[in-house]
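A quick note: this is a predicted structure, and the numbers were derived from the prediction, not measured. Residue numbers start from 1 in every chain, and the chains themselves are labelled A, B, ... in the order their sequence lines are given, proteins ahead of strands.
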Amino acid sequence: MPTIFGMPPQVLFGQLSLGLINGSFYALLSLGLAVIFGMLNIVNFAHGAVYMMGAFCAYFLLNGIDLPIPWWMAGHFSLMNIHFGSHLSFWWALLLAPIIVGAIGMFLQRVLIARIAGLDHIYGLLLTFGLAAILQGLFQNQFGSSGLPYEIPDGLSGGHNLGFMFLPNYRAFVVGASIVVCFATWFVIERTKLGSYLRAATENPSLVRAFGINVPLMITLTYGFGVALAAFAGVLAAPIYQVRPLMGADLIIVVFAVVVIGGMGSILGSIVTGFGLGIVEGLTKVYYPQASGIVVFVIMAIVLLIKPTGLFGRAA
Amino acid sequence: MVDAANEPLLNVVNLEAWYGESHILHGVNFNVGKGEVVTLLGRNGAGKTTTLKSIMGMVAKRRGSVHFEGKETIDQPSNNIARAGIALCPEERGIFASLDVRENLLLPPVVRPGGLGLEQIFELFPNLKERLTSQGTKLSGGEQQMLAIARILRTGAPFLMLDEPTEGLAPVIIDQIGVTIRRLKERGFTILLVEQNFRFAASVADRYYVMEDGRIIDAFSAQNLEANMDKLHTYLGV
(Lines give C-alpha, C1' and ligand atoms only; values in the text may rest on other atoms or scores of the structure.)
Protein backbone atom coordinates (compact mmCIF):
# COMPACT_ATOMS: atom_id res chain seq x y z
CA MET A 1 0.00 0.00 0.00
CA PRO A 2 1.50 3.39 -1.01
CA THR A 3 2.34 5.82 1.77
CA ILE A 4 3.28 9.50 1.96
CA PHE A 5 5.90 10.17 4.65
CA GLY A 6 4.92 6.84 6.17
CA MET A 7 1.17 7.53 6.18
CA PRO A 8 -1.54 6.06 3.95
CA PRO A 9 -2.84 8.87 1.65
CA GLN A 10 -6.43 8.37 2.91
CA VAL A 11 -5.36 9.17 6.46
CA LEU A 12 -3.11 12.05 5.48
CA PHE A 13 -5.56 13.73 3.11
CA GLY A 14 -8.49 12.98 5.39
CA GLN A 15 -6.83 14.87 8.23
CA LEU A 16 -5.67 17.59 5.85
CA SER A 17 -9.24 18.16 4.72
CA LEU A 18 -10.39 18.26 8.35
CA GLY A 19 -7.59 20.73 9.00
CA LEU A 20 -8.82 22.87 6.11
CA ILE A 21 -12.37 22.78 7.52
CA ASN A 22 -11.14 23.93 10.92
CA GLY A 23 -8.93 26.46 9.15
CA SER A 24 -12.00 27.82 7.34
CA PHE A 25 -13.65 28.59 10.67
CA TYR A 26 -10.43 29.97 12.15
CA ALA A 27 -10.01 32.25 9.14
CA LEU A 28 -13.61 33.55 9.15
CA LEU A 29 -13.59 34.16 12.91
CA SER A 30 -10.11 35.68 13.12
CA LEU A 31 -10.93 37.86 10.12
CA GLY A 32 -13.95 39.26 11.97
CA LEU A 33 -11.82 39.81 15.06
CA ALA A 34 -9.15 41.55 12.96
CA VAL A 35 -11.70 43.85 11.31
CA ILE A 36 -13.20 44.75 14.70
CA PHE A 37 -9.84 45.20 16.40
CA GLY A 38 -8.55 47.38 13.59
CA MET A 39 -11.49 49.75 13.64
CA LEU A 40 -12.70 49.70 17.24
CA ASN A 41 -9.45 48.79 18.98
CA ILE A 42 -11.40 46.23 20.93
CA VAL A 43 -10.54 42.61 21.53
CA ASN A 44 -13.99 41.17 20.96
CA PHE A 45 -14.32 38.32 23.42
CA ALA A 46 -18.01 38.05 22.48
CA HIS A 47 -16.96 36.67 19.09
CA GLY A 48 -17.43 33.03 20.07
CA ALA A 49 -20.88 33.84 21.42
CA VAL A 50 -22.01 35.54 18.20
CA TYR A 51 -20.67 32.59 16.19
CA MET A 52 -22.88 30.38 18.37
CA MET A 53 -25.81 32.78 17.84
CA GLY A 54 -25.32 32.44 14.08
CA ALA A 55 -25.71 28.68 14.38
CA PHE A 56 -28.76 29.02 16.66
CA CYS A 57 -30.25 31.58 14.28
CA ALA A 58 -30.01 29.01 11.47
CA TYR A 59 -31.66 26.47 13.76
CA PHE A 60 -34.53 28.84 14.64
CA LEU A 61 -35.02 29.84 11.01
CA LEU A 62 -35.45 26.16 10.15
CA ASN A 63 -37.44 24.96 13.17
CA GLY A 64 -39.12 28.08 14.53
CA ILE A 65 -38.56 29.48 18.00
CA ASP A 66 -40.35 29.42 21.36
CA LEU A 67 -40.18 32.85 22.93
CA PRO A 68 -41.30 33.59 26.52
CA ILE A 69 -43.70 36.52 26.15
CA PRO A 70 -44.76 38.47 29.29
CA TRP A 71 -48.51 38.08 29.75
CA TRP A 72 -50.90 39.96 32.05
CA MET A 73 -53.27 37.43 33.55
CA ALA A 74 -55.42 37.29 36.67
CA GLY A 75 -53.86 40.41 38.14
CA HIS A 76 -50.19 39.54 37.64
CA PHE A 77 -47.55 39.07 34.95
CA SER A 78 -46.62 35.62 33.80
CA LEU A 79 -44.46 34.30 30.97
CA MET A 80 -46.05 32.38 28.19
CA ASN A 81 -44.06 30.43 25.63
CA ILE A 82 -45.30 31.28 22.19
CA HIS A 83 -44.06 29.39 19.16
CA PHE A 84 -43.08 31.41 16.15
CA GLY A 85 -43.01 29.01 13.25
CA SER A 86 -40.45 29.16 10.46
CA HIS A 87 -39.21 26.73 7.85
CA LEU A 88 -36.44 28.60 6.14
CA SER A 89 -33.74 26.46 4.59
CA PHE A 90 -29.99 26.51 5.19
CA TRP A 91 -29.54 28.83 2.21
CA TRP A 92 -31.90 31.40 3.67
CA ALA A 93 -30.12 31.04 7.01
CA LEU A 94 -26.76 31.64 5.34
CA LEU A 95 -28.16 34.97 4.10
CA LEU A 96 -30.42 36.00 7.01
CA ALA A 97 -28.51 34.84 10.11
CA PRO A 98 -25.52 37.15 9.47
CA ILE A 99 -27.93 40.05 8.92
CA ILE A 100 -29.96 39.31 12.07
CA VAL A 101 -26.96 38.62 14.32
CA GLY A 102 -25.06 41.52 12.74
CA ALA A 103 -27.98 43.82 13.62
CA ILE A 104 -27.91 42.54 17.22
CA GLY A 105 -24.16 43.23 17.22
CA MET A 106 -24.69 46.79 15.99
CA PHE A 107 -27.28 47.34 18.73
CA LEU A 108 -24.83 46.09 21.39
CA GLN A 109 -22.06 48.26 19.92
CA ARG A 110 -24.22 51.40 20.01
CA VAL A 111 -25.68 50.76 23.46
CA LEU A 112 -22.67 49.28 25.30
CA ILE A 113 -19.38 49.09 23.43
CA ALA A 114 -19.47 52.69 22.16
CA ARG A 115 -19.39 53.84 25.79
CA ILE A 116 -15.92 52.45 26.39
CA ALA A 117 -14.38 53.84 23.19
CA GLY A 118 -10.93 55.26 23.81
CA LEU A 119 -10.48 53.53 27.17
CA ASP A 120 -7.84 50.94 27.98
CA HIS A 121 -8.10 47.52 26.26
CA ILE A 122 -8.98 45.87 29.54
CA TYR A 123 -12.41 47.56 29.59
CA GLY A 124 -13.31 46.27 26.14
CA LEU A 125 -12.05 42.83 27.07
CA LEU A 126 -14.07 42.73 30.30
CA LEU A 127 -17.21 44.11 28.65
CA THR A 128 -17.17 41.69 25.72
CA PHE A 129 -16.17 38.80 27.99
CA GLY A 130 -19.18 39.64 30.18
CA LEU A 131 -21.42 39.87 27.12
CA ALA A 132 -20.20 36.45 25.97
CA ALA A 133 -20.90 34.96 29.40
CA ILE A 134 -24.42 36.44 29.47
CA LEU A 135 -25.28 35.34 25.93
CA GLN A 136 -23.91 31.83 26.43
CA GLY A 137 -25.64 31.60 29.82
CA LEU A 138 -28.98 32.60 28.32
CA PHE A 139 -28.72 29.97 25.57
CA GLN A 140 -27.49 27.31 28.00
CA ASN A 141 -30.38 28.05 30.33
CA GLN A 142 -32.87 27.69 27.50
CA PHE A 143 -31.35 24.84 25.50
CA GLY A 144 -29.02 22.95 27.85
CA SER A 145 -25.47 22.01 26.97
CA SER A 146 -26.09 19.17 24.56
CA GLY A 147 -26.20 19.84 20.87
CA LEU A 148 -29.24 20.34 18.65
CA PRO A 149 -29.05 18.56 15.31
CA TYR A 150 -28.96 20.50 12.04
CA GLU A 151 -29.18 18.56 8.80
CA ILE A 152 -26.73 18.99 5.95
CA PRO A 153 -28.68 20.93 3.32
CA ASP A 154 -30.17 19.12 0.34
CA GLY A 155 -27.83 19.12 -2.59
CA LEU A 156 -24.72 19.07 -0.44
CA SER A 157 -25.11 15.68 1.20
CA GLY A 158 -22.96 12.80 0.02
CA GLY A 159 -19.49 13.22 -1.36
CA HIS A 160 -16.96 12.32 -4.00
CA ASN A 161 -14.31 9.66 -4.04
CA LEU A 162 -11.21 11.40 -5.37
CA GLY A 163 -9.22 8.18 -5.50
CA PHE A 164 -6.83 9.13 -2.76
CA MET A 165 -9.56 10.23 -0.34
CA PHE A 166 -13.32 10.63 0.15
CA LEU A 167 -14.38 14.29 0.07
CA PRO A 168 -17.78 15.10 1.60
CA ASN A 169 -19.58 17.70 -0.54
CA TYR A 170 -20.65 19.85 2.36
CA ARG A 171 -17.12 20.13 3.72
CA ALA A 172 -15.81 21.11 0.31
CA PHE A 173 -18.56 23.74 0.19
CA VAL A 174 -17.55 25.12 3.62
CA VAL A 175 -13.93 25.54 2.53
CA GLY A 176 -15.00 27.15 -0.77
CA ALA A 177 -17.51 29.52 0.88
CA SER A 178 -14.97 30.53 3.49
CA ILE A 179 -12.29 31.26 0.88
CA VAL A 180 -14.75 33.32 -1.20
CA VAL A 181 -15.97 35.37 1.79
CA CYS A 182 -12.44 35.90 3.13
CA PHE A 183 -11.16 36.99 -0.28
CA ALA A 184 -14.14 39.30 -0.83
CA THR A 185 -13.56 40.91 2.58
CA TRP A 186 -9.85 41.33 1.86
CA PHE A 187 -10.67 42.84 -1.54
CA VAL A 188 -13.15 45.35 -0.12
CA ILE A 189 -10.75 46.46 2.61
CA GLU A 190 -7.56 46.59 0.56
CA ARG A 191 -8.75 47.53 -2.91
CA THR A 192 -11.85 49.73 -2.70
CA LYS A 193 -12.68 53.29 -1.73
CA LEU A 194 -14.76 52.07 1.21
CA GLY A 195 -11.74 50.04 2.32
CA SER A 196 -9.51 53.10 2.15
CA TYR A 197 -11.92 54.88 4.52
CA LEU A 198 -11.70 51.91 6.88
CA ARG A 199 -7.91 51.73 6.76
CA ALA A 200 -7.56 55.49 7.23
CA ALA A 201 -10.06 55.53 10.10
CA THR A 202 -8.09 52.74 11.76
CA GLU A 203 -5.05 55.03 11.76
CA ASN A 204 -6.59 58.40 12.60
CA PRO A 205 -10.38 58.37 13.12
CA SER A 206 -10.70 62.02 14.16
CA LEU A 207 -8.99 63.26 10.99
CA VAL A 208 -11.06 60.98 8.75
CA ARG A 209 -14.16 62.36 10.44
CA ALA A 210 -12.87 65.90 9.85
CA PHE A 211 -12.80 65.06 6.13
CA GLY A 212 -16.58 64.60 6.24
CA ILE A 213 -16.88 60.86 6.79
CA ASN A 214 -19.33 59.66 9.42
CA VAL A 215 -16.84 57.60 11.42
CA PRO A 216 -19.15 56.61 14.31
CA LEU A 217 -21.58 55.11 11.78
CA MET A 218 -18.68 53.35 10.07
CA ILE A 219 -17.55 51.92 13.41
CA THR A 220 -21.02 50.55 14.10
CA LEU A 221 -21.27 49.03 10.61
CA THR A 222 -17.79 47.53 10.94
CA TYR A 223 -18.68 45.89 14.24
CA GLY A 224 -21.88 44.62 12.64
CA PHE A 225 -19.89 43.22 9.71
CA GLY A 226 -17.33 41.50 11.96
CA VAL A 227 -20.17 39.96 13.94
CA ALA A 228 -21.95 38.97 10.73
CA LEU A 229 -18.80 37.13 9.59
CA ALA A 230 -18.85 35.14 12.85
CA ALA A 231 -22.56 34.41 12.41
CA PHE A 232 -21.89 33.27 8.84
CA ALA A 233 -19.25 30.88 10.21
CA GLY A 234 -21.79 29.73 12.79
CA VAL A 235 -24.34 28.84 10.11
CA LEU A 236 -21.67 26.95 8.16
CA ALA A 237 -20.69 25.11 11.35
CA ALA A 238 -24.24 24.07 12.32
CA PRO A 239 -24.41 20.93 10.11
CA ILE A 240 -20.87 19.84 11.04
CA TYR A 241 -20.56 20.45 14.78
CA GLN A 242 -24.23 20.56 15.89
CA VAL A 243 -25.75 23.66 17.47
CA ARG A 244 -24.54 24.08 21.07
CA PRO A 245 -24.46 27.09 23.43
CA LEU A 246 -20.74 26.56 24.14
CA MET A 247 -19.66 25.82 20.56
CA GLY A 248 -18.08 29.25 20.30
CA ALA A 249 -16.44 29.22 23.71
CA ASP A 250 -14.54 26.05 22.76
CA LEU A 251 -13.31 27.51 19.50
CA ILE A 252 -12.55 31.10 20.40
CA ILE A 253 -9.41 30.41 22.43
CA VAL A 254 -7.73 28.82 19.40
CA VAL A 255 -9.00 31.67 17.23
CA PHE A 256 -7.37 34.23 19.53
CA ALA A 257 -4.09 32.32 19.20
CA VAL A 258 -4.55 32.50 15.40
CA VAL A 259 -5.08 36.27 15.62
CA VAL A 260 -1.96 36.71 17.75
CA ILE A 261 0.12 34.60 15.34
CA GLY A 262 -1.20 36.45 12.27
CA GLY A 263 -0.80 39.87 13.87
CA MET A 264 -3.57 41.79 15.65
CA GLY A 265 -5.69 43.65 13.14
CA SER A 266 -3.99 42.24 10.04
CA ILE A 267 -6.60 41.22 7.45
CA LEU A 268 -4.34 39.12 5.26
CA GLY A 269 -2.57 37.73 8.33
CA SER A 270 -5.78 36.42 9.85
CA ILE A 271 -6.86 34.70 6.63
CA VAL A 272 -3.50 33.08 5.81
CA THR A 273 -2.83 32.12 9.42
CA GLY A 274 -6.35 30.77 9.88
CA PHE A 275 -6.10 28.33 6.99
CA GLY A 276 -2.42 27.62 7.62
CA LEU A 277 -2.87 26.71 11.26
CA GLY A 278 -5.88 24.54 10.46
CA ILE A 279 -3.64 22.55 8.11
CA VAL A 280 -0.78 22.41 10.63
CA GLU A 281 -3.22 21.14 13.24
CA GLY A 282 -4.48 18.49 10.79
CA LEU A 283 -0.95 17.34 9.99
CA THR A 284 -0.10 17.18 13.69
CA LYS A 285 -3.10 14.90 14.19
CA VAL A 286 -1.57 12.54 11.63
CA TYR A 287 2.04 12.53 12.76
CA TYR A 288 1.94 13.32 16.46
CA PRO A 289 -1.68 13.28 17.67
CA GLN A 290 -0.73 13.94 21.29
CA ALA A 291 0.40 17.46 20.35
CA SER A 292 -2.57 18.37 18.13
CA GLY A 293 -4.33 20.21 20.95
CA ILE A 294 -1.39 22.42 21.78
CA VAL A 295 0.44 22.88 18.49
CA VAL A 296 -1.27 26.21 17.77
CA PHE A 297 -0.29 27.56 21.18
CA VAL A 298 3.30 26.36 20.80
CA ILE A 299 3.48 28.20 17.46
CA MET A 300 1.97 31.25 19.15
CA ALA A 301 4.67 31.20 21.84
CA ILE A 302 7.44 30.86 19.24
CA VAL A 303 6.02 33.66 17.07
CA LEU A 304 5.65 35.94 20.08
CA LEU A 305 9.28 35.32 20.98
CA ILE A 306 10.60 35.99 17.49
CA LYS A 307 8.12 38.57 16.14
CA PRO A 308 5.89 39.98 18.90
CA THR A 309 3.67 41.87 16.40
CA GLY A 310 2.71 38.59 14.70
CA LEU A 311 3.68 37.22 11.30
CA PHE A 312 1.78 39.89 9.35
CA GLY A 313 1.46 42.56 12.03
CA ARG A 314 3.00 46.01 11.91
CA ALA A 315 4.59 47.64 14.92
CA ALA A 316 2.24 50.21 16.42
CA MET B 1 -8.66 95.63 15.84
CA VAL B 2 -9.31 95.20 12.14
CA ASP B 3 -12.14 93.12 10.78
CA ALA B 4 -12.78 91.47 7.45
CA ALA B 5 -13.37 94.20 4.87
CA ASN B 6 -16.22 92.29 3.29
CA GLU B 7 -18.85 90.03 4.76
CA PRO B 8 -17.06 87.40 6.90
CA LEU B 9 -17.09 83.83 5.63
CA LEU B 10 -16.11 82.65 9.09
CA ASN B 11 -17.07 84.44 12.27
CA VAL B 12 -15.73 83.15 15.58
CA VAL B 13 -17.22 84.63 18.74
CA ASN B 14 -16.17 83.84 22.30
CA LEU B 15 -14.83 80.42 21.37
CA GLU B 16 -13.75 78.35 24.36
CA ALA B 17 -12.26 74.86 24.27
CA TRP B 18 -11.08 72.22 26.69
CA TYR B 19 -8.81 69.19 26.52
CA GLY B 20 -10.10 67.07 29.37
CA GLU B 21 -9.94 69.36 32.41
CA SER B 22 -7.53 71.83 30.77
CA HIS B 23 -9.19 75.04 29.63
CA ILE B 24 -7.24 75.96 26.47
CA LEU B 25 -9.23 78.65 24.66
CA HIS B 26 -10.65 81.46 26.79
CA GLY B 27 -12.99 83.28 24.42
CA VAL B 28 -11.42 83.65 20.97
CA ASN B 29 -12.91 86.29 18.66
CA PHE B 30 -11.95 86.81 15.03
CA ASN B 31 -13.32 86.62 11.53
CA VAL B 32 -12.17 85.77 8.03
CA GLY B 33 -13.57 87.48 4.96
CA LYS B 34 -14.31 85.71 1.72
CA GLY B 35 -11.18 85.38 -0.41
CA GLU B 36 -8.82 86.49 2.35
CA VAL B 37 -5.66 84.83 3.64
CA VAL B 38 -5.66 85.34 7.41
CA THR B 39 -2.84 84.19 9.65
CA LEU B 40 -2.96 83.28 13.32
CA LEU B 41 0.39 84.08 14.90
CA GLY B 42 1.57 83.25 18.38
CA ARG B 43 4.09 81.35 20.42
CA ASN B 44 3.95 77.63 21.03
CA GLY B 45 1.02 76.74 23.22
CA ALA B 46 -0.87 79.96 22.52
CA GLY B 47 -3.88 77.99 21.29
CA LYS B 48 -3.55 78.36 17.49
CA THR B 49 -3.87 74.67 16.61
CA THR B 50 -6.63 74.26 19.19
CA THR B 51 -8.50 77.13 17.52
CA LEU B 52 -8.39 75.33 14.17
CA LYS B 53 -9.41 72.04 15.77
CA SER B 54 -12.25 73.76 17.60
CA ILE B 55 -13.55 75.33 14.41
CA MET B 56 -13.37 71.85 12.83
CA GLY B 57 -15.20 70.27 15.80
CA MET B 58 -12.24 68.08 16.73
CA VAL B 59 -12.05 68.93 20.44
CA ALA B 60 -14.23 67.09 22.93
CA LYS B 61 -15.67 70.19 24.58
CA ARG B 62 -16.14 73.66 23.13
CA ARG B 63 -18.41 76.63 23.66
CA GLY B 64 -19.14 79.92 21.98
CA SER B 65 -20.12 80.50 18.38
CA VAL B 66 -18.59 79.63 15.02
CA HIS B 67 -20.61 80.90 12.06
CA PHE B 68 -19.63 79.65 8.63
CA GLU B 69 -21.43 81.20 5.65
CA GLY B 70 -23.91 82.57 8.16
CA LYS B 71 -24.71 79.21 9.74
CA GLU B 72 -23.85 78.17 13.30
CA THR B 73 -21.57 75.11 13.37
CA ILE B 74 -20.63 74.90 17.07
CA ASP B 75 -23.23 72.19 17.72
CA GLN B 76 -22.21 70.11 14.69
CA PRO B 77 -19.92 67.04 14.60
CA SER B 78 -16.75 67.45 12.54
CA ASN B 79 -18.03 65.35 9.63
CA ASN B 80 -20.93 67.80 9.17
CA ILE B 81 -18.59 70.78 9.46
CA ALA B 82 -16.41 69.31 6.70
CA ARG B 83 -19.51 68.77 4.56
CA ALA B 84 -20.44 72.43 5.13
CA GLY B 85 -17.26 73.44 3.29
CA ILE B 86 -14.40 73.76 5.81
CA ALA B 87 -11.26 71.71 5.17
CA LEU B 88 -8.29 71.19 7.47
CA CYS B 89 -4.68 70.43 6.62
CA PRO B 90 -3.45 69.32 10.04
CA GLU B 91 -0.17 70.17 11.72
CA GLU B 92 1.29 66.67 11.51
CA ARG B 93 0.05 66.46 7.89
CA GLY B 94 -2.02 63.39 8.65
CA ILE B 95 -0.80 61.27 5.75
CA PHE B 96 -2.07 57.71 6.13
CA ALA B 97 0.62 55.03 6.12
CA SER B 98 -1.74 52.25 5.07
CA LEU B 99 -2.87 54.18 1.97
CA ASP B 100 -0.85 54.90 -1.16
CA VAL B 101 -0.55 58.45 -2.50
CA ARG B 102 -3.53 58.08 -4.83
CA GLU B 103 -5.74 56.74 -2.03
CA ASN B 104 -4.57 59.53 0.29
CA LEU B 105 -5.35 62.07 -2.40
CA LEU B 106 -8.82 60.68 -3.11
CA LEU B 107 -9.74 60.03 0.53
CA PRO B 108 -11.65 63.21 1.48
CA PRO B 109 -15.06 63.15 -0.19
CA VAL B 110 -16.06 65.97 -2.53
CA VAL B 111 -18.35 68.22 -0.49
CA ARG B 112 -19.39 70.66 -3.20
CA PRO B 113 -18.62 71.36 -6.84
CA GLY B 114 -15.76 73.68 -7.74
CA GLY B 115 -12.86 71.65 -6.34
CA LEU B 116 -9.67 71.17 -8.31
CA GLY B 117 -9.48 68.24 -10.69
CA LEU B 118 -6.57 65.84 -10.53
CA GLU B 119 -4.91 67.45 -13.56
CA GLN B 120 -5.06 70.89 -11.92
CA ILE B 121 -3.62 69.41 -8.74
CA PHE B 122 -0.75 67.80 -10.63
CA GLU B 123 -0.12 71.16 -12.29
CA LEU B 124 0.34 72.67 -8.83
CA PHE B 125 2.26 69.67 -7.42
CA PRO B 126 3.95 67.80 -10.28
CA ASN B 127 5.87 65.57 -7.85
CA LEU B 128 2.70 63.87 -6.69
CA LYS B 129 1.87 62.58 -10.15
CA GLU B 130 5.06 60.53 -10.25
CA ARG B 131 4.53 59.08 -6.78
CA LEU B 132 0.89 57.99 -7.02
CA THR B 133 1.54 54.35 -6.16
CA SER B 134 4.04 55.03 -3.35
CA GLN B 135 3.00 54.48 0.23
CA GLY B 136 1.85 57.84 1.63
CA THR B 137 4.42 58.05 4.40
CA LYS B 138 7.31 57.10 2.08
CA LEU B 139 7.18 60.60 0.53
CA SER B 140 9.62 63.31 1.60
CA GLY B 141 8.41 65.87 4.15
CA GLY B 142 7.79 68.44 1.43
CA GLU B 143 5.90 65.98 -0.76
CA GLN B 144 3.79 64.89 2.22
CA GLN B 145 2.91 68.52 2.88
CA MET B 146 1.93 68.97 -0.76
CA LEU B 147 -0.19 65.82 -0.58
CA ALA B 148 -1.85 67.08 2.61
CA ILE B 149 -2.77 70.36 0.91
CA ALA B 150 -3.64 68.74 -2.43
CA ARG B 151 -6.17 66.33 -0.99
CA ILE B 152 -8.30 69.10 0.53
CA LEU B 153 -8.27 71.07 -2.73
CA ARG B 154 -10.18 68.27 -4.43
CA THR B 155 -13.11 68.51 -2.03
CA GLY B 156 -14.48 71.83 -3.27
CA ALA B 157 -14.39 73.26 0.24
CA PRO B 158 -14.01 77.03 -0.23
CA PHE B 159 -12.43 77.57 3.21
CA LEU B 160 -9.05 75.97 3.92
CA MET B 161 -7.33 75.87 7.28
CA LEU B 162 -3.59 75.16 7.00
CA ASP B 163 -1.80 74.36 10.26
CA GLU B 164 1.92 75.18 10.03
CA PRO B 165 2.34 74.08 6.41
CA THR B 166 6.04 75.08 6.38
CA GLU B 167 7.10 73.29 9.54
CA GLY B 168 10.29 71.31 9.10
CA LEU B 169 10.59 72.03 5.36
CA ALA B 170 13.54 73.25 3.30
CA PRO B 171 13.44 76.93 2.16
CA VAL B 172 12.94 75.98 -1.48
CA ILE B 173 9.86 73.90 -0.57
CA ILE B 174 8.57 76.72 1.64
CA ASP B 175 8.77 79.07 -1.35
CA GLN B 176 6.82 76.55 -3.42
CA ILE B 177 4.10 76.37 -0.76
CA GLY B 178 3.99 80.18 -0.70
CA VAL B 179 3.43 80.21 -4.46
CA THR B 180 0.71 77.60 -4.06
CA ILE B 181 -1.13 79.62 -1.40
CA ARG B 182 -1.07 82.75 -3.58
CA ARG B 183 -2.43 80.76 -6.53
CA LEU B 184 -5.18 79.33 -4.35
CA LYS B 185 -6.08 82.84 -3.26
CA GLU B 186 -6.26 83.89 -6.91
CA ARG B 187 -8.62 81.01 -7.51
CA GLY B 188 -10.93 82.39 -4.82
CA PHE B 189 -10.12 80.10 -1.89
CA THR B 190 -10.31 81.59 1.58
CA ILE B 191 -7.43 80.52 3.80
CA LEU B 192 -6.86 80.55 7.54
CA LEU B 193 -3.20 79.91 8.22
CA VAL B 194 -1.46 79.03 11.45
CA GLU B 195 2.24 79.86 11.25
CA GLN B 196 5.30 80.24 13.42
CA ASN B 197 7.39 81.17 10.39
CA PHE B 198 6.60 84.86 10.36
CA ARG B 199 8.63 85.59 7.24
CA PHE B 200 6.56 83.04 5.33
CA ALA B 201 3.29 84.36 6.75
CA ALA B 202 4.25 87.92 5.73
CA SER B 203 4.61 86.77 2.13
CA VAL B 204 1.05 85.50 1.82
CA ALA B 205 -1.29 87.01 4.46
CA ASP B 206 -3.80 89.84 4.12
CA ARG B 207 -4.39 90.13 7.86
CA TYR B 208 -2.88 88.83 11.08
CA TYR B 209 -4.28 87.92 14.45
CA VAL B 210 -1.92 87.39 17.37
CA MET B 211 -2.82 84.79 20.00
CA GLU B 212 -1.60 84.39 23.53
CA ASP B 213 -2.89 82.21 26.35
CA GLY B 214 -5.94 81.10 24.42
CA ARG B 215 -7.07 84.60 23.40
CA ILE B 216 -6.64 86.98 20.47
CA ILE B 217 -4.56 89.83 21.81
CA ASP B 218 -3.97 91.91 18.68
CA ALA B 219 -4.81 92.19 15.02
CA PHE B 220 -3.52 94.19 12.09
CA SER B 221 -3.57 94.18 8.33
CA ALA B 222 -0.66 93.51 5.96
CA GLN B 223 -0.49 97.25 5.17
CA ASN B 224 0.17 98.03 8.85
CA LEU B 225 2.72 95.27 9.27
CA GLU B 226 5.78 97.54 9.24
CA ALA B 227 4.30 99.84 11.86
CA ASN B 228 3.59 96.88 14.14
CA MET B 229 6.90 95.05 13.80
CA ASP B 230 8.26 96.01 17.24
CA LYS B 231 5.07 94.91 18.95
CA LEU B 232 5.09 91.71 16.98
CA HIS B 233 8.64 90.88 17.97
CA THR B 234 7.61 91.26 21.59
CA TYR B 235 4.55 89.04 21.13
CA LEU B 236 6.41 86.30 19.33
CA GLY B 237 9.66 86.60 21.24
CA VAL B 238 11.74 86.76 18.06
Peer 1: Determine whether a donor-acceptor pair (N or O, by modelled atom type, separation under 3.5 Å) exists between the side chain of B/E36 and the backbone of B/V38.
Peer 2: no

Peer 1: Give the interface residues of residues 125-156 of chain B toward chain A, defined by a heavy-atom separation under 4.5 Å.
Peer 2: B/R151, B/I152

Peer 1: Looking only at heavy atoms, what is the nearest atom pair of A/S30 and A/V255, with distance?
Peer 2: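 Looks like N-CG1, 3.7 Å.
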
Peer 1: If only atom types and distance count, is the side chain of B/N11 paired as donor or acceptor with the main-chain N or O of B/N31 below 3.5 Å?
Peer 2: no

Peer 1: Is the side chain of B/K48 donor-acceptor paired with the backbone N or O of B/G42 at a distance under 3.5 Å, no angle test?
Peer 2: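 Yes, because the side chain of B/K48 sits within donor-acceptor range (under 3.5 Å) of the backbone of B/G42.
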
Peer 1: Suppose we call two aromatic rings close when their centres sit under 6.0 Å apart. Are A/F45 and A/F256 close by that rule?
Peer 2: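 Yes, they do, as the ring centres are separated by less than 6.0 Å.
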
Peer 1: What residues of residues 179-198 of chain A sit under 4.5 Å from chain B when only non-hydrogen atoms are counted?
Peer 2: A/E190, A/K193, A/S196, A/Y197

Peer 1: Quick test of your reading of the model: are B/R62 and B/E16 salt-bridged, counting only N-O distances below 4.0 Å?
Peer 2: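 Salt bridge absent between B/R62 and B/E16.
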
Peer 1: Check for a donor-acceptor pair, side chain of B/T39 on one end and backbone N or O of B/Y209 on the other, with a separation under 3.5 Å.
Peer 2: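 Absent.
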
Peer 1: Indicate yes or no for a side-chain donor-acceptor contact from A/H47 to the backbone of A/L29 under 3.5 Å, with no hydrogens or angles considered.
Peer 2: yes

Peer 1: Counting only N and O atoms by type, is there a donor-acceptor contact under 3.5 Å from the side chain of B/S54 to the main-chain atoms of B/T50?
Peer 2: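 At least one qualifying donor-acceptor pair exists.
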
Peer 1: Specify the closest pair of heavy atoms between B/M58 and A/S206, including all atoms of both residues, with the distance to one decimal.
Peer 2: CE-O, 3.8 Å

Peer 1: Does A/Y223 reach the side chain of A/N44, with side-chain heavy atoms less than 4.5 Å apart?
Peer 2: yes

Peer 1: Does this structure show an ion pair linking B/R112 with B/E69, if we count only N-O contacts that are shorter than 4.0 Å?
Peer 2: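 Judged by the 4.0 Å cut-off on N to carboxylate O distance, B/R112 and B/E69 do form a salt bridge.
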
Peer 1: Closer than 4.0 angstrom, basic N to acidic O: yes or no for B/K53 and B/D163?
Peer 2: no

Peer 1: Roughly how far, to the nearest 0.5 Å, is OG1 of B/T49 from CE of B/M211?
Peer 2: 9.5 Å

Peer 1: In terms of heavy-atom pairs under 4.5 Å, which option from B/S78, B/G57, B/P77 contacts chain A the most?
Peer 2: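 Answer, by heavy-atom pair count under 4.5 Å with chain A: B/S78.
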
Peer 1: Who in residues 101-125 of chain A is close to chain B, using a strict under-4.5 Å heavy-atom cut-off?
Peer 2: none

Peer 1: Picking from B/L15, B/I55, B/V13, what satisfies side-chain contact (heavy atoms from CB on, under 4.5 Å) with B/I74?
Peer 2: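 By the side-chain contact (heavy atoms from CB on, under 4.5 Å) criterion, B/I74 pairs with just one of B/L15, B/I55, B/V13: B/L15.
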
Peer 1: Which residues in residues 79-109 of chain B have any heavy atom closer than 4.5 Å to a heavy atom of chain A?
Peer 2: B/N79, B/A82, B/R83, B/L88, B/P90, B/G94, B/I95, B/F96, B/A97, B/S98, B/L99, B/E103, B/L106, B/L107, B/P108, B/P109

Peer 1: Just by distance, do the side chain of A/S270 and the backbone of A/I267 share a donor-acceptor pair under 3.5 Å?
Peer 2: yes

Peer 1: Within this structure, what is the OG1-CG distance for the pair B/T180 and B/L162, rounded to the nearest 0.5 Å?
Peer 2: 10.0 Å

